> 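Take this structure first; my questions come after.
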Amino acid sequence: MLHQSILSNHYFTPPSLLHPQKLTISSSQLRTTPDDTAYNSRGFTFHRTPTGLNLDHLNTVFVSVGFPRRDPDKIRLALAHTDSLVWVEHVKTEKPVAFARATGDGVFNAIIWDVVVDPTFQGIGLGKAVMERVIEELVNKGVTNIALYSEPRVLGFYRPLGFVSDPDGIKGMVYSRKSKKKK
């Protein structure tokens, strides 16, 4: 179960996107991480489609970072409705070690979901790399408002990527069904 009460909204709007138009941003304008070939030489392959993604292995990564185990059929459905996806495969093990995806309307708004990095591979830039690539893809599609939910303990990870809490006083809300107590 997603602990929505401890999640915070974060928004990213590139300063160059003041008008809703399709712009192309080069990777050098958005990325601070090395290109894909540099990661390939370190034994990692970037993927931008779900082809080849083993959902059982992805579930293992989800669980390792505290997310709930998910029904693979529901993951497939979620991936079918995903607008942007980046996952990283460790070549030696042929398993996913980093993952992020975004959904949205394809024009104005997107939300980034499920940003995870296998704890064994944290601290080497894979989380930042998948985030930069997802953001780059969304910006290149013309999306001007990119949001995400984050647990408070990882806010510091997202801020250097351009995300801010409650910009201009905007507050996000999450629908939450509370179970009624039986009398």
Side-chain angles (χ1 to χ4, degrees), residues 1-12 36 39 44-122 126-155 157-158 161 163 165 171-182:
M1 179 176 159
L2 186 63
H3 300 286
Q4 295 169 335
S5 62
I6 63 169
L7 299 178
S8 301
N9 286 325
H10 296 282
Y11 304 89
F12 171 85
D36 292 6
Y39 284 101
F44 300 102
T45 302
F46 282 79
H47 300 272
R48 288 167 177 81
T49 70
T51 303
L53 178 58
N54 182 307
L55 300 183
D56 290 329
H57 293 157
L58 179 61
N59 248 332
T60 299
V61 178
F62 283 157
V63 170
S64 74
V65 299
F67 284 22
R69 182 168 296 282
R70 298 172 178 177
D71 178 327
D73 290 332
K74 289 184 178 181
I75 295 172
R76 269 186 214 86
L77 184 58
L79 292 174
H81 294 279
T82 293
D83 296 317
S84 179
L85 166 72
V86 176
W87 63 281
V88 180
E89 177 182 22
H90 184 235
V91 175
K92 186 176 180 180
T93 62
E94 298 181 343
K95 293 181 180 179
V97 295
F99 178 91
R101 68 185 188 94
T103 59
D105 60 22
V107 182
F108 303 111
N109 303 293
I111 299 178
I112 297 176
W113 304 99
D114 303 329
V115 180
V116 293
V117 178
D118 182 313
T120 306
F121 295 92
Q122 290 178 2
L126 294 176
K128 186 175 184 180
V130 295
M131 282 295 298
E132 286 180 347
R133 284 153 177 79
V134 167
I135 292 167
E136 178 182 18
E137 185 174 327
L138 294 169
V139 168
N140 284 336
K141 289 178 179 179
V143 175
T144 58
N145 182 36
I146 303 169
L148 64 87
Y149 293 97
S150 171
E151 293 184 18
R153 65 183 172 81
V154 293
L155 294 177
F157 170 75
Y158 295 107
L161 292 166
F163 288 87
S165 297
K171 298 285 185 185
M173 297 179 75
V174 176
Y175 174 75
S176 178
R177 295 174 105 180
K178 304 247 181 197
S179 60
K180 294 181 181 180
K181 293 182 180 179
K182 295 187 179 190

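Just so it is clear, the structure is predicted and the values come from calculations on it, not from any experiment.
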> Enter the distance from Phe108:CZ to Thr144:OG1 here, rounded to the nearest 0.5 Å.
7.0 Å

> To the nearest 0.5 Å, what is the distance between CG (Leu85) and CZ (Arg48)?
9.5 Å

> Do Ile146 and Asn109 touch side chain to side chain, with heavy atoms closer than 4.5 Å?
no

> Looking only at heavy atoms, what is the nearest atom pair of Ile112 and Ile135, with distance?
CD1-CG1, 4.1 Å

> For Phe121 and Leu126, run side-chain contact (heavy atoms from CB on, under 4.5 Å): C-alpha distance rounded to whole Å, both residues' side-chain angles, the deciding distance at 0.1 Å, then the answer.
CA-CA 8 Å; Phe121 295 92; Leu126 294 176; 3.9 Å; yes

> Quick one: side-chain hydrogen bond (donor to acceptor under 3.5 Å, both in side chains) partners of His90, sequence neighbours excluded?
Thr93

> Lys141 and Ser84: which non-hydrogen atoms are nearest, and at how many Å?
NZ-N, 4.5 Å

> Report the residues that fulfil side-chain contact (heavy atoms from CB on, under 4.5 Å) with Ala110, sequence neighbours left out, ordered by chain and then residue number.
Leu138, Val143

> For a side-chain contact (heavy atoms from CB on, under 4.5 Å) check, start with the C-alpha distance between Val88 and Phe99, then their side-chain angles and the critical distance, and finish with the verdict.
CA-CA 6 Å; Val88 180; Phe99 178 91; over 6 Å; no

> Ring of Phe62, cation from Arg69 - is the NZ or CZ under 6.0 Å from the centre and inside 45° of the axis?
no

> Taking only Lys NZ, Arg NE, NH1 and NH2, and the carboxylate oxygens of Asp or Glu, determine whether Asp71 and Arg76 approach each other closer than 4.0 Å.
no

> Could I get the full list of side-chain contact (heavy atoms from CB on, under 4.5 Å) partners for Thr120, not counting sequence neighbours?
Asp118

> Kindly say whether Gly104 contributes a backbone atom to a donor-acceptor pair with the side chain of Asp83 at under 3.5 angstrom?
yes

> Given the rule in the side-chain contact (heavy atoms from CB on, under 4.5 Å) test, do His47 and Val86 qualify, once you have shown the distances and angles that lead to the verdict?
CA-CA 6 Å; His47 300 272; Val86 176; over 6 Å; no

> Which value, rounded to the nearest 0.5 Å, describes the distance between Thr60 atom OG1 and Asp56 atom CG?
7.0 Å

> Show, in sequence, the C-alpha distance, side-chain angles and deciding distance for Val115 and Val154, and conclude whether the side-chain contact (heavy atoms from CB on, under 4.5 Å) test is met.
CA-CA 11 Å; Val115 180; Val154 293; over 6 Å; no

> For the residue pair Trp113 and Tyr149, is the inter-centroid distance of their aromatic rings smaller than 6.0 Å?
yes

> Under 3.5 Å, side chain of Lys95 to main-chain N/O of Val61, donor-acceptor pair present?
no

> How close do Ala78 and Arg101 get, counting heavy atoms only, and between which atoms?
O-NH1, 3.6 Å

> Main chain of Leu58, side chain of Trp87: is a donor-acceptor contact present, judged purely on distance under 3.5 Å?
no

> Does atom CD of Gln122 have more than 12 heavy-atom neighbours from other groups under 6.0 Å away?
yes

> For the pair Glu89 (side chain) and Thr45 (backbone), establish whether a donor and an acceptor sit closer than 3.5 Å, ignoring hydrogens and angles.
no

> Indicate yes or no: does Glu137 engage Arg133 in a salt bridge with an N to O separation below 4.0 Å.
no

> Under the 3.5 angstrom rule, does the side chain of Asn59 hit a backbone N or O of Arg70 as a donor-acceptor pair?
yes

> Of the non-hydrogen atoms in Thr82 and Thr103, which two are nearest, and what is the gap between them?
CA-CG2, 4.1 Å

> Measure the spacing between OH of Tyr158 and CG of Leu148 and express it to the nearest 0.5 Å.
5.5 Å

> Looking only at non-hydrogen atoms, find the nearest pair between Ala129 and Tyr39 and report the distance.
CB-OH, 3.7 Å

> If you look at every heavy atom in Leu55 and Pro72, which pair is closest and at what distance?
CD1-O, 3.5 Å

